[in-house]
Amino acid sequence: MRKTKAGVRDPVLMAFGLAIQKRRRAMEISQEEAASRAGIHRTYFADVERGARNVGLKNVVAIARGLDVTPSDLLKKIR
């Protein structure tokens, strides 16, 4: 789990996770279903959605495809 010095999760990872969560909820699917569509394990998906994992590029693309959006859609509000 990636944390800042104060023990708080990284805001970039949290923002990415929130974008994933918003899209998944808009689709009205479970984390398990979203993970299955993305071809990744459900616990890994849950960790990413919570902002607890620093996800690699291939998994960013897989998650985006599983949620029927582009990777840039998930990343556009992150500064």
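Side chains are part of it too, since the values below use all heavy atoms of this structure and drop only hydrogens, waters and symmetry mates.
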Contacts of R23 meeting salt bridge (Lys or Arg N to Asp or Glu O under 4.0 Å) (sequence neighbours excluded), chain-then-number -> none

Under the side-chain contact (heavy atoms from CB on, under 4.5 Å) test, residues paired with T43 that sit two or more places apart: H41

Is there side-chain contact between Q21 and R50, with heavy atoms separated by less than 4.5 Å? no

Which value, rounded to the nearest 0.5 Å, describes the distance between L18 atom CG and L13 atom CG? 12.5 Å

For the atom pair CG (L74) and NZ (K76), what is the distance rounded to the nearest 0.5 Å? 9.5 Å

Can you measure from CD1 (I20) to CZ (R25) and round to the nearest 0.5 angstrom? 12.5 Å

Treating Ile, Leu, Val, Met, Phe, Trp and Tyr as nodes and any side-chain heavy-atom pair under 4.5 angstrom as an edge, say whether V12 and M14 lie in one connected cluster. no

Less than 3.5 Å apart, which donor and acceptor atoms pair up between the side chains of residues 56-69 and the rest of the protein, not counting sequence neighbours?
unit_1, atom_1, unit_2, atom_2, d
N59, ND2, Y44, OH, 3.2

State, yes or no, whether a side-chain contact exists between F45 and R24 at a heavy-atom distance under 4.5 Å. yes

What's the separation between atom CD in Q31 and atom CG in D47, rounded to the nearest 0.5 Å? 9.0 Å

Which pairs, with at least one residue in residues 36-45 and sequence neighbours excluded, count as a salt bridge (Lys or Arg N to Asp or Glu O under 4.0 Å)? E33-R37

